[in-house]
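Report on one structure; see the data block that follows.
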Amino acid sequence: MSFFRAVTGLTLLVGLLSRSQWVAAQSPSAAEPAPAAAWAQQQYSQALRVHPQLYSGPEYLDYARRYSTRLGHQFFLSPEKQPGSVHYNHHYFEGLQLSYDVVLDQLVLQHATSPLSLRLINENVESFTLAGHQFIRLVPDSAAAATLSTGYYEVLVDGPVQLLARRVKQMEKKLNQEKAYTQFISLDKLFIRKAGVYYPISRKSSVTRLFADRGKEVQRYIQEHKLHFRKARREADIVELTRYYASLGPH
């Protein structure tokens, strides 16, 4: 399908969808959408999933397969494709199969009509969801460049106080009895955005210092809810405390 035909088809579908929705709106007694509107919506969604602007990246090759022995993998959550959506090239696409290579900071798309996996062009990705996790792409300005690097960040807490996670893995190549293998080590980093400024968060003290304006309430919450910020639960405890702090009102 040529780009012109794809765009023309989408334009026609949008027109049909809009007309069907207008007709449905003239019949307030109708409990269900008109069949034409439902059909148009289905066709529009299918057309978006094979939109030429979505399938525009180079092929993704799984470099880890070069090693017969691997400890872990380079992806977020799972090496298998997960359901997701993406804001890409100023369009929103849903119903996709995605994976996120956190070693390369690369979003990977399963092609809809072939076994190929494609690398989406990072500069064209505004945000995406993967298995219910929300990610945004940040390009820090000069003031934030010392704290943040350009890339994808998972939004753990959203609002005026925002908690972000930079998902990072490091691939280490090793030799064991003259046999090469590779190991993937997680090195995630947390950041809190407060009053427009990003702060790196690594331990309990860095969180409580940032929330010192409500220090008494914060310390009481930590004690009552037994937040210990130990390694196994550190991220979960920081998420919980950040949500509580955000609920206290304007900061």
Side-chain angles (χ1 to χ4, degrees), residues 45 48-64 73-112 116-171 184-202 210 235 238-239 242-243 246:
S45 298
L48 277 179
R49 283 199 287 270
V50 293
H51 197 288
Q53 290 192 33
L54 176 63
Y55 296 97
S56 59
E59 183 180 358
Y60 174 83
L61 300 176
D62 188 350
Y63 50 90
H73 53 81
Q74 69 267 40
F75 298 102
F76 175 70
L77 294 181
S78 169
E80 304 299 326
K81 297 293 191 299
Q82 305 286 323
S85 62
V86 62
H87 280 275
Y88 190 67
N89 275 332
H90 309 296
H91 290 81
Y92 175 68
F93 302 94
E94 59 184 354
L96 306 176
Q97 291 294 309
L98 302 170
S99 57
Y100 173 31
D101 183 330
V102 294
V103 173
L104 301 180
D105 197 33
Q106 179 69 63
L107 187 60
V108 180
L109 168 69
Q110 177 63 53
H111 198 285
L116 293 179
S117 293
L118 302 178
R119 300 171 56 174
L120 294 184
I121 299 170
N122 288 343
E123 290 77 10
N124 294 341
V125 177
E126 300 172 37
S127 62
F128 68 91
T129 64
L130 178 63
H133 295 258
Q134 178 187 357
F135 288 83
I136 58 175
R137 186 172 187 270
L138 294 180
V139 180
D141 57 22
S142 56
T147 303
L148 297 178
S149 59
T150 296
Y152 299 120
Y153 291 79
E154 184 180 359
V155 181
L156 301 177
V157 178
D158 204 5
V161 178
Q162 192 177 47
L163 176 62
L164 304 173
R166 177 76 156 137
R167 302 303 183 190
V168 179
K169 284 187 180 181
Q170 181 176 305
M171 184 175 71
F184 295 92
I185 302 172
S186 293
L187 301 169
D188 294 345
K189 301 177 182 178
L190 299 178
F191 301 87
I192 287 178
R193 182 178 182 269
K194 180 183 176 185
V197 180
Y198 293 92
Y199 301 89
I201 301 298
S202 58
L210 192 57
E235 181 176 306
I238 292 174
V239 168
T242 303
R243 285 177 177 158

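The analysis underlying the following values was restricted to heavy atoms, covering all of them including side chains, and did not include hydrogens, waters or symmetry mates. Because the structure is predicted, anything quoted here is derived from the model rather than measured.
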Heavy-atom pair of closest approach, residues Gly57 and Leu118: O-CD2, 3.7 Å

Straight-line distance of Phe191 CZ to Leu164 CG, nearest 0.5 Å: 8.5 Å

Atom pair OG1/CG of Thr242 and Leu163 - distance to nearest 0.5 Å: 4.5 Å

Where Arg137 and Thr150 come nearest, the two heavy atoms and their spacing: NH2-CG2, 3.5 Å

Between Val103 and Phe184, is any pair of side-chain heavy atoms under 4.5 Å apart? yes

In Å, rounded to the nearest 0.5 Å, how long is the span from CG of Leu109 to CG of Leu120? 5.0 Å

Is any side-chain heavy atom of Arg193 less than 4.5 Å from a side-chain heavy atom of Val197? no

Closest heavy-atom contact between Leu156 and Glu235? CD1-OE2, 3.8 Å

Less than 4.5 Å apart, any side-chain heavy atom of Tyr55 and any of Leu116? no

Given Tyr153, Phe75, Tyr152, Tyr60, the one that forms ring-ring contact (aromatic ring centres under 6.0 Å, His included) with Tyr100: Tyr152

Any salt bridge linking Asp105 with Arg166? Criterion: basic side-chain nitrogen under 4.0 Å from a carboxylate oxygen. yes

So, for Ala131 and Leu77, which heavy atoms are closest and what is the spacing to 0.1 Å? CB-CD1, 3.9 Å

Lys189 side chain to Ala165 main-chain N or O, any donor-acceptor pair under 3.5 Å? no

Might you work through the side chain to side chain contact (heavy atoms under 4.5 Å, CB included) test for Val168 and Val102, ending with a clear yes or no? CA-CA 5 Å; Val168 179; Val102 294; over 6 Å; no

Are side-chain N/O atoms of Lys81 and Ser117 paired as donor and acceptor at under 3.5 Å? yes

Quick check against the 3.5 Å criterion: does Asn124 have a side-chain atom that pairs as donor or acceptor with the backbone of Tyr88? no

Could you check whether the rings of Tyr92 and His87 sit parallel, tilted or perpendicular, using 30° and 60° as the cut-offs? tilted

Rounded to the nearest 0.5 Å, how far apart are CD of Glu123 and CG of Asn89? 11.0 Å

Measuring from atom CG of Leu130 to atom CD of Gln82, what distance do you get when rounded to the nearest 0.5 angstrom? 6.0 Å

Are Arg167 and Phe76 in a cation-pi setup, meaning NZ or CZ lies under 6.0 angstrom from the ring centre and within 45 degrees of the ring axis? no

Euclidean distance, Ser99 OG relative to Leu107 CG, rounded to 0.5 Å: 7.5 Å

Between Asp158 and Gln134, a side-chain donor and acceptor under 3.5 Å: no

Closest non-hydrogen contact found for Gln74 with Ala64 is OE1-CB, 3.7 Å

Any chance you could lay out the side chain to side chain contact (heavy atoms under 4.5 Å, CB included) test for Gln106 and Asn122, step after step, and finish with the verdict? CA-CA 7 Å; Gln106 179 69 63; Asn122 288 343; 3.7 Å; yes

Determine yes or no for a side-chain-to-main-chain donor-acceptor pair under 3.5 angstrom, with Ser78 supplying the side chain and Glu80 the backbone. yes

After noting the C-alpha distance and the side-chain angles of Val155 and Gln162, does the key distance pass the side chain to side chain contact (heavy atoms under 4.5 Å, CB included) rule? CA-CA 7 Å; Val155 181; Gln162 192 177 47; 4.3 Å; yes

Please step through side chain to side chain contact (heavy atoms under 4.5 Å, CB included) for the pair Leu54 and Leu96, ending with a clear verdict. CA-CA 11 Å; Leu54 176 63; Leu96 306 176; 3.9 Å; yes

Nearest heavy-atom neighbours spanning Leu210 and Lys194: O-NZ, 2.8 Å

